[in-house]
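Down below is the structure, laid out as structure tokens.
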Amino acid sequence: MKDADGSLALHVEDLTVAYGERPALWDVDLDVPAGVLMAVLGPNGAGKTTLMKAVLGLVRPVAGRVLVHGRPYAEQRRIVGYVPQRGSVDWDFPTTVLDVVTMGRYASLGWFRSPGAAERKAATDALDEVGMAPFASRHISQLSGGQQQRVFLARALAQDASLYLMDEPFQGVDATTERAIVRVLRDLRSRGRTVVVVHHDLQTVREYFDRVALLNVRRVADGPVSEAFTEENLRAAYGGRTAFVPRDATGPETGDLAASPVRE
Amino acid sequence: MTLTGGQVEVLAIATLTAVACAVTGTFLVLRRVAMLSDAISHAVLLGIVVAFLAVRDLGSPLLLVGAAATGLLTVLLVEALVRTGRVRQDASIGLVFPALFSIGVILVSRFAGDVHLDTDAVLLGELAFAPLDRLVVAGTDLGPRAMWEMAAILLADVAFVLLFYKELKLTTFDAGLAAAFGFAPAAMHYGLMALVSVTAVGAFDAVGSVLVVALMVAPPAAAWMIANSLPAMIGLSAAFGAVAAVTGHAAARELDASIAGSMAAAAGLVFAAAFLVSPSHGVLAAIARRRRQRWAFAEATLAVHLLQHQDRPEAAEECRADRVHRHLEWDAAFTGQVVRRAVRRGMVARTGPCLGLTAAGRSLAREYMGL
């Protein structure tokens with residue numbers, strides 16, 4: 001077992017997670033250096049969401065360990081921001097946009113303390129960053145899908161974390177939201193934060209991210225986009241079920257072929 | 001009409017019960033496990049009977065402990081069955097609570113039939129007789145025992161919600177984030193379920209096991225129709241519970257009918273009223289909204305037609321006030337109404353025999369066409 005390295009934002013070692021007897025992740029090793037934007041890619045059922053949940057302690061691994069900036073997650077809760085899939089909550093819940101974003105501050109408040117003016121200020125600033133400030137007092141049931149996604153993003157920003165885990169933030173959003181998310185991701189990287197994003201759109205990988213991890217229950221490859229995002233690795237991860245060919249220096253147009261992730 | 005002292009006491013017990021049920025029920029409804037209240041309110045009978053057979057004292061606080069324990073057992077068994085993947089939650093509830101409840105009923109009828117734990121009281125409560133059981137401390141009559149019990153239970157409910165307000169809200173809205181933040185959603189869940197069980201025991205004395213579900217589900221469901229925030233939903237839910245208790249009690253007196261039945265019916269009527277008149281989710285609001293949309297869309301259709309044809313050679317024909325309905329294939333009377341509405345709103349103006357768009361009408365039509 002190699003020693004924990006504090007310069008890594010995330011260190012995943014020999015991680016195996018199973019639901020019943022069905023393995024979702026087999027002995028995955030993964031290192032994420034601080035200050036990168038990393039996409040986690042893989043077909044449906046590859047264990048991408050499970051990886052996030054295991055990092056956050058939401059599922060118990062069969063084996064292996066996870067370190068965040070060199071320490072177990074339980075000691076680092078406040079500095080890990082989580083953006084779940086927006087379908088994971090009930091948007092009819094009786095509350096406002098500002099209130100949901102304020103929830104991002106709950107980790108640092110801890111038990112029993114109520115949010116106050118400082119927390120609302122942080123939430124208002126975070127809403128402003130994602131272009132949702134005018135919606136602060138709206139009821140959350142009145143939001144479009146893209147607006148819901150930006151509210152979730154703002155909630156994580158309000159937390160002021162150093163490592164962000166985002167589960168498919170680009171899934172089914174409008175162009176305005178996609179631009180807003182990309183702007184926020186780049187801003188986070190420029191401030192030295194680390195962002196790990198479960199991503200589906202292979203065509204935007206090169207544009208949005210500087211690192212990738214390819215998963216298919218096991219880890220297929222990870223590293224800088226230029227090294228790991230190769231046709232060979234994609235075939236290995238997607239099992240030949242993708243028509244996508246990564247763009248390279250000699251063929252600028254080939255990257256626009258349609259990706260066709262196959263649903264199971 | 002004036003109430004006797006006994007009736008005032010009955011009303012007080014009914015109101016405390018309804019408010020306690022409404023407060024805890026709010027979280028059950030928001031967590032979409034409303035039917036667990038039905039399961040718990042039945043299953044607690046087993047805990048009460050077992051505890052009673054052990055201590056032989058209906059006033060013992062151990063009865064509450066036994067009830068809370070069986071309430072939690074119900075939830076655990078339901079969840080364990082669901083986790084096997086063979087039974088869904090609704091069927092699981094339908095399997096677990098009748099099993100526990102029937103054991104309780106058998107025990108009552110076999111071993112406790114001689115005391116006032118009889119099966120009728122279990123099913124429908126015995127609110128009318130509640131004032132007969134007095135709480136007497138050092139020779140002083142402090143009122144019905146049930147009233148003090150229910151007040152203590154309500155106090156516990158309110159204290160729990162106030163103390164864990166932020167934690168309850170987060171675990172209810174987003175259990176995943178709550179777990180990631182270390183707020184122990186499972187502990188909050190079982191804490192809430194224990195509270196529901198204790199509340200169900202109190203309510204069980206008042207309205208019986210069959211109707212607890214009405215007081216736990218109808219007021220919060222009605223409040224959800226109207227409230228825009230969680231505090232408003234809890235407050236409204238409590239207020240609706242109290243309204244159901246007071247009107248149900250009054251109706252029972254007028255009709256000389258069951259108090260429990262009347263309260264549950266009143267709770268149902270409160271929900272029906274909220275369902276009709278809620279400004280955001282109500283049936284009447286939806287009808288009004290559809291009507292408004294129909295007129296607005298008809299006006300837009302007229303405006304787009306005028307925009308397409310005015311200032312062109314065919315305008316004299318296409319835009320004539322008395323012909324426009326033929327071009328749109330609309331009923332003449334309906335077209336008249338749409339035109340009058342558009343004129344009144346300053347979108348359309350008459351010039352001689354023809355209709356023309358005003359500046360506002362022009363921009364309306366362009367907006368609809370996405371120009």
Side-chain angles (χ1 to χ4, degrees), chain A residues 19-20 49 52-60 68 73-78 80-100 102-116 119 137-142 151-152 155-156 159 161 165 167, chain B residues 26-34 83-86 159-188 191 219-237 274 278-281 285 289:
Chain A
Y19 295 116
T49 296
M52 298 220 149
K53 289 188 170 170
V55 170
L56 294 161
L58 301 182
V59 296
R60 188 189 292 275
V68 176
Y73 172 74
E75 297 171 21
Q76 305 278 48
R77 293 185 196 282
R78 290 181 192 191
V80 181
Y82 175 39
V83 180
Q85 293 186 18
R86 66 173 195 273
S88 64
V89 303
D90 182 355
W91 291 93
D92 282 330
F93 194 86
T95 190
T96 59
V97 166
L98 185 67
D99 192 46
V100 168
T102 307
M103 289 177 189
R105 300 300 309 161
Y106 284 11
S108 35
L109 282 172
W111 289 84
F112 305 117
R113 277 173 59 205
S114 301
E119 282 70 33
S137 57
R138 276 288 176 94
H139 189 267
I140 57 169
S141 65
Q142 297 167 343
V151 167
F152 261 16
R155 183 175 71 173
Q159 193 185 341
L165 303 176
D167 200 348
Chain B
T26 298
F27 290 95
L28 292 178
V29 168
L30 283 174
R31 286 162 179 249
R32 308 207 177 255
V33 291
R83 257 199 310 279
T84 63
R86 304 294 172 91
F160 182 81
V161 170
L162 286 179
L163 196 57
F164 293 103
Y165 176 74
K166 166 171 120 273
E167 290 76 13
L168 273 173
K169 183 165 73 176
L170 185 60
T171 53
T172 302
F173 175 65
D174 191 343
L177 188 72
F181 280 177
F183 284 120
M188 293 308 303
W224 202 355
M225 288 276 153
I226 292 166
N228 275 325
S229 72
L230 185 52
M233 180 170 165
I234 298 170
L236 267 179
S237 177
S278 158
S280 50
H281 298 80
R289 200 158 48 235

| Ring centroid separation B:Phe181 to A:Tyr106 under 6.0 Å |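 Centroid separation for B:Phe181 and A:Tyr106: 6.0 Å or greater.
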When heavy-atom pairs shorter than 4.5 Å are enumerated against chain B, which of [options] gives the highest number?
options: A:Asp90, A:Leu56, A:Asp99, A:Val80; value: A:Asp90
options: A:Leu58, A:Leu109, A:Val55; value: A:Leu58
options: A:Gly110, A:Gly20, A:Ser114; value: A:Gly110

Relative to chain B, which segment of [X] carries a heavy atom at a distance below 4.5 Å: side chain, backbone, both, or neither?
X: A:Val83; answer: neither
X: A:Arg78; answer: neither
X: A:Asp92; answer: both

| Taking C-beta and beyond as the side chain, do A:Phe152 and B:Asp174 meet within less than 4.5 Å on heavy atoms? |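 Of all side-chain heavy-atom pairs linking B:Asp174 with A:Phe152, at least one is under 4.5 Å.
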| query | Any side-chain heavy atom of B:Leu177 sitting closer than 4.5 Å to one from A:Ser88? | reply |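 No, too far: nothing below the 4.5 Å cut-off.
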| said: If you count heavy-atom pairs within less than 4.5 Å of chain A, which of B:Ala227, B:Gly176, B:Ala178 leads? | reply: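 Option with the greatest count: B:Gly176.
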| query | Which of the residues B:Asn228, B:Leu30, B:Thr172 is involved in the greatest number of heavy-atom pairs with chain A at under 4.5 angstrom? | reply |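 When all of B:Asn228, B:Leu30, B:Thr172 are compared, B:Asn228 has the most.
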| query | Between B:Phe164 and A:Phe112, how do the two ring planes meet: parallel, tilted or perpendicular, split at 30° and 60°? | reply |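 Plane angle between 30° and 60°, so tilted.
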| query | Which region of B:Phe183, side chain (C-beta onward) or backbone (N, CA, C, O), has a non-hydrogen atom less than 4.5 Å from a non-hydrogen atom of chain A, or is it both or neither? | reply |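 Both parts, backbone and side chain.
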| task | Evaluate the side chain to side chain contact (heavy atoms under 4.5 Å, CB included) criterion for residues B:Phe173 and A:Ile140: first the C-alpha distance (whole Å), next the side-chain angles of each, then the deciding distance (0.1 Å), finally the verdict. | result | CA-CA 12 Å; B:Phe173 175 65; A:Ile140 57 169; 3.8 Å; yes
| field | Closest non-hydrogen atom pair between B:Glu167 and A:Trp111, with its separation | value |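 Between these two residues, the closest heavy atoms are OE2-CA, 3.3 Å.
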| request: Could you tell me which non-hydrogen atom of B:Ala180 sits nearest to which non-hydrogen atom of A:Arg77, and how far apart they are? | output: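 Closest approach of B:Ala180 to A:Arg77: O-NH1, 3.1 Å.
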